[in-house]
**Student:** 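Quick one: the structure is below, and I'll ask about it shortly.
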2 protein chains.
Amino acid sequence: MKYIEKLRNSGLRPTKQRLQICEILFDREKTFHFTINELDQKIKNKIHNKISLATIYNTVHAFEKKGYLKQIPINSNQTYFDTNVTDHHHFYNLEDGKLIDLENSDVGPINIKKKINGKKIKSIEILVKLED
Amino acid sequence: MKYIEKLRNSGLRPTKQRLQICEILFDREKTFHFTINELDQKIKNKIHNKISLATIYNTVHAFEKKGYLKQIPINSNQTYFDTNVTDHHHFYNLEDGKLIDLENSDVGPINIKKKINGKKIKSIEILVKLED
DNA sequence: TTGTAGTTTATAATGGTTCTAAACAGCTGT
DNA sequence: ACAGCTGTTTAGAACCATTATAAACTACAA
Ligand SMILES: [Mn+2]
Ligand SMILES: [Mn+2]
Ligand SMILES: [Zn+2]
Ligand SMILES: [Zn+2]
C-alpha cells in the first residue's frame with residue numbers, strides 16, 4: 001500500500017482503519033472539504049468493515065497534527081476539514097454549505113498595511129461567501 | 001433611553017433586558033468582539049438584576065437578524081459575534097483568541113479572478129492569523 | 001383596564017466533540 | 001515464532017455550547 005510508508009514516517013502505525021481513511025481522503029484528484037459526519041458517511045458507503053466514530057475523530061486529529069489535513073474557519077455547527085493543506089482561499093456557497101478552493105493565482109496580491117507590534121503573520125485566508 | 005427608539009423601529013419591544021444588553025454592546029468607542037459567555041460575564045459584572053442565559057442567546061440572535069450584530073467565521077468551540085457590522089477584516093491573535101479589526105483602508109484592494117456560474121459574491125472576509 | 005402578542009425564564013433536550021478504560025493490534029527484540 | 005510493550009480502536013459515557021419547551025410575565029394598543 002502507498003500510505004504505509006507515509007504513516008510510518010510520521011510515527012503513526014499503519015492500521016487497517018487509517019489506511020482505509022487515507023484512501024477515502026487522499027485518493028482523489030481534487031481537494032476534499034468535509035465534516036466528520038460527511039467522512040463517516042463516505043466510510044460507511046465505501047468500506048465493508050465498521051470504523052467507530054471515535055476512531056474517525058482520532059484519525060482526523062492525528063492527520064491534522066501531522067499536517068495532512070487542516071481546519072477551515074467557517075461558522076457552522078460542525079468543523080470543516082480540508083485535504084489541501086497549502087495556503088489557499090475559499091468560496092463558500094451559502095445555499096448548500098459547500099466549499100470551493102481558490103488557488104493563489106485566482107486572487108490578486110493581498111496587502112495588509114496594518115502591523116501589530118511584536119506579532120507576525122502566520123496565515124492569510126479569504127472566505128468569499130456566494131449567493132444566488 | 002437612546003435605544004428605545006432603535007428597538008421599536010426594528011419591531012423589537014424595548015424591554016429592560018434588551019436595553020441593558022444594548023448598553024453593554026453598543027455604548028463603546030471601539031468594535032466589540034465577543035462570545036456569548038464573554039457577554040454573559042460582562043452582564044454579570046455590570047448590572048444588578050439577572051438576565052437568563054436563554055435571554056442572552058435570544059437577544060443576540062434577534063440583534064443579529066436585525067443587522068446590529070454579525071457572526072465572525074472563526075474556528076473555535078464558541079461562536080464569535082461582532083458589533084461592527086460593516087464589511088471588514090480581522091487579525092486573529094492565536095495566543096489569546098482575541099480579534100482586532102482591519103478597516104478596509106488597512107487592506108489593499110482584493111481581486112477575486114475566479115467566477116462561479118450563476119453565483120454572485122455576497123461578502124469577502126480576510127482572516128489574518130497572528131503569532132509571536 | 002383589558003386583551004393579545006411578544007418576551008423572559010428555568011429547565012430539558014440536542015448534538016457535535018472529547019474522554020474513559022478495556023480489548024486489540026503493530027512492532028521490536030529475543 | 002513468541003513475548004512484551006506501546007500505540008490504537010472501540011462502545012459508551014461525559015461534556016458543553018446551543019436550541020427547544022412551555023409557563024409566567026410584560027409592553028402596548030384598543
Ligand atoms: Mn483538531
Ligand atoms: Mn444566529
Ligand atoms: Zn480548500
Ligand atoms: Zn470586527
Side-chain angles (χ1 to χ4, degrees), chain A residues 1 3-24 33-44 47-66 68-81 97, chain B residues 1 3-24 33-44 47-66 68-81 97:
Chain A
M1 304 287 212
Y3 296 111
I4 291 180
E5 187 111 354
K6 178 179 175 173
L7 289 172
R8 276 219 194 85
N9 291 343
S10 311
L12 296 173
R13 289 188 182 167
T15 63
K16 183 174 71 167
Q17 293 88 341
R18 283 175 177 163
L19 292 170
Q20 290 175 320
I21 292 174
C22 275
E23 285 174 20
I24 290 172
H33 302 110
F34 64 94
T35 64
I36 295 288
N37 280 329
E38 289 166 354
L39 177 57
D40 190 28
Q41 286 310 310
K42 279 240 163 28
I43 289 169
K44 284 185 172 62
I47 70 179
H48 299 302
N49 52 304
K50 188 196 177 196
I51 300 183
S52 81
L53 190 56
T55 297
I56 299 173
Y57 273 99
N58 289 343
T59 301
V60 166
H61 285 135
F63 288 1
E64 183 194 13
K65 197 172 209 171
K66 294 299 180 183
Y68 303 140
L69 292 174
K70 70 172 186 178
Q71 276 187 246
I72 307 174
I74 296 284
N75 274 124
S76 160
N77 54 328
Q78 293 178 70
T79 307
Y80 274 80
F81 293 91
Chain B
M1 303 289 215
Y3 296 111
I4 290 180
E5 187 112 353
K6 177 177 175 173
L7 289 173
R8 277 219 194 86
N9 291 342
S10 311
L12 297 173
R13 290 189 180 167
T15 63
K16 184 175 73 168
Q17 292 88 344
R18 283 176 177 163
L19 291 169
Q20 290 176 321
I21 291 174
C22 275
E23 285 173 20
I24 289 171
H33 302 110
F34 64 94
T35 64
I36 295 288
N37 280 330
E38 289 166 354
L39 177 57
D40 190 29
Q41 286 309 310
K42 279 241 164 26
I43 289 169
K44 283 185 173 61
I47 70 179
H48 299 302
N49 53 305
K50 186 195 178 195
I51 300 181
S52 81
L53 190 57
T55 296
I56 299 173
Y57 273 99
N58 289 341
T59 301
V60 166
H61 284 135
F63 287 3
E64 184 194 13
K65 198 172 208 172
K66 295 298 180 181
Y68 302 139
L69 293 173
K70 69 172 188 177
Q71 277 187 244
I72 307 174
I74 296 284
N75 274 124
S76 160
N77 53 329
Q78 294 177 71
T79 305
Y80 273 81
F81 293 91

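The figures that follow rest on heavy atoms only: side chains count, while hydrogens, waters and symmetry mates do not. Predicted model, so just to flag it, every value in this text is computed and none were measured. First the proteins, then the strands, lettered A, B, ... as listed; each starts at 1.
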**Student:** So do the side chains of L19(B) and L7(B) get within less than 4.5 Å of each other, counting heavy atoms only?
**Tutor:** yes
**Student:** Please state whether the phosphate of dC28(D), meaning OP1 or OP2, lies under 4.0 angstrom from any side-chain nitrogen or oxygen of R8(B).
**Tutor:** yes
**Student:** If you compare every side-chain N and O of K16(B) against the phosphate oxygens of dA27(D) (OP1, OP2), does one of them come in below 4.0 Å?
**Tutor:** no
**Student:** Please report the distance, rounded to the nearest Å, between CD1 in I43(B) and C1' in dT8(C).
**Tutor:** 13 Å
**Student:** Tell me, do T59(B) and L12(B) make a side-chain contact under 4.5 Å, heavy atoms counted?
**Tutor:** no
**Student:** Counting only side-chain N and O atoms of T15(A), is one of them less than 4.0 Å from OP1 or OP2 of dT9(D)?
**Tutor:** yes
**Student:** How is T35(A) classified with respect to the nucleic acid when contacts are heavy atoms under 4.0 Å: base, sugar-phosphate, or nothing?
**Tutor:** nothing
**Student:** In whole angstrom, what separates K50(A)'s NZ from dC24(C)'s P?
**Tutor:** 15 Å
**Student:** When you match Y80(B) and A54(A) each to their closest nucleotide on DNA chain D, which lands nearer the 5' end?
**Tutor:** A54(A)
**Student:** Could you state the atom-to-atom distance from CG of D40(A) to C1' of dT9(D) in whole Å?
**Tutor:** 15 Å
**Student:** Once you round it to whole Å, what is the distance between P of dG6(C) and NZ of K66(B)?
**Tutor:** 11 Å
**Student:** So, is S52(A) near the phosphate of dT9(D), with a side-chain N or O under 4.0 Å from OP1 or OP2?
**Tutor:** no
**Student:** So what does N58(B) touch, heavy atoms closer than 4.0 Å: a base, only the sugar-phosphate, or nothing?
**Tutor:** base
**Student:** Considering just the side-chain nitrogens and oxygens of Q17(B), establish if one lies under 4.0 Å of OP1 or OP2 belonging to dT26(D).
**Tutor:** no
**Student:** Mind calculating the distance between CG (L19(A)) and P (dT8(D)) to the nearest angstrom?
**Tutor:** 12 Å
**Student:** Measuring from the side chain of T55(A) (C-beta onward, heavy atoms only), which nucleotide among dC28(D), dA17(D), dT9(D) has the closest atom?
**Tutor:** dT9(D)
**Student:** Find the distance Q71(B):CD to dA17(D):P and express it as a whole number of Å.
**Tutor:** 16 Å
**Student:** Measure the distance from CD on Q20(B) to P on dT8(C) and round it to the nearest whole Å.
**Tutor:** 11 Å
**Student:** Let me spell it out: for each of T79(B) and I4(B), pick the nucleotide of DNA chain D with the closest heavy atom. Which residue's pick is nearer the 5' end?
**Tutor:** T79(B)
**Student:** Check step by step if side chain to side chain contact (heavy atoms under 4.5 Å, CB included) holds for N75(A) and Y80(B).
**Tutor:** CA-CA 9 Å; N75(A) 274 124; Y80(B) 273 81; over 6 Å; no
**Student:** Flag the pair V60(A) / F34(A) as yes when at least one side-chain heavy-atom distance between them is below 4.5 Å, and no otherwise.
**Tutor:** yes
**Student:** Measure CD1/I56(A) against C1'/dA11(D) and give the value in whole Å, please.
**Tutor:** 14 Å
**Student:** Kindly indicate, with the supporting measurements, whether the criterion side chain to side chain contact (heavy atoms under 4.5 Å, CB included) is fulfilled by Y3(A) and Q20(A).
**Tutor:** CA-CA 9 Å; Y3(A) 296 111; Q20(A) 290 175 320; over 6 Å; no
**Student:** With side chain to side chain contact (heavy atoms under 4.5 Å, CB included) as the criterion, how do Y68(A) and K6(A) come out once you've worked through the C-alpha distance, each side chain's angles and the decisive distance to 0.1 Å?
**Tutor:** CA-CA 10 Å; Y68(A) 303 140; K6(A) 178 179 175 173; 3.7 Å; yes
**Student:** Toward the 5' end of DNA chain C, which comes first, L53(B) or R18(B), by nearest nucleotide?
**Tutor:** R18(B)
**Student:** Would you say H61(A) reaches dT17(C)'s phosphate, i.e. side-chain N/O to OP1/OP2 under 4.0 Å?
**Tutor:** no
**Student:** Take Y57(A) and I51(B), find for each the nucleotide of DNA chain C with the closest heavy atom, and name the residue whose nucleotide sits nearer the 5' end.
**Tutor:** I51(B)
**Student:** Which one, dA5(C), dA10(C), dA17(D), comes nearest to the side chain of Q78(B)?
**Tutor:** dA17(D)
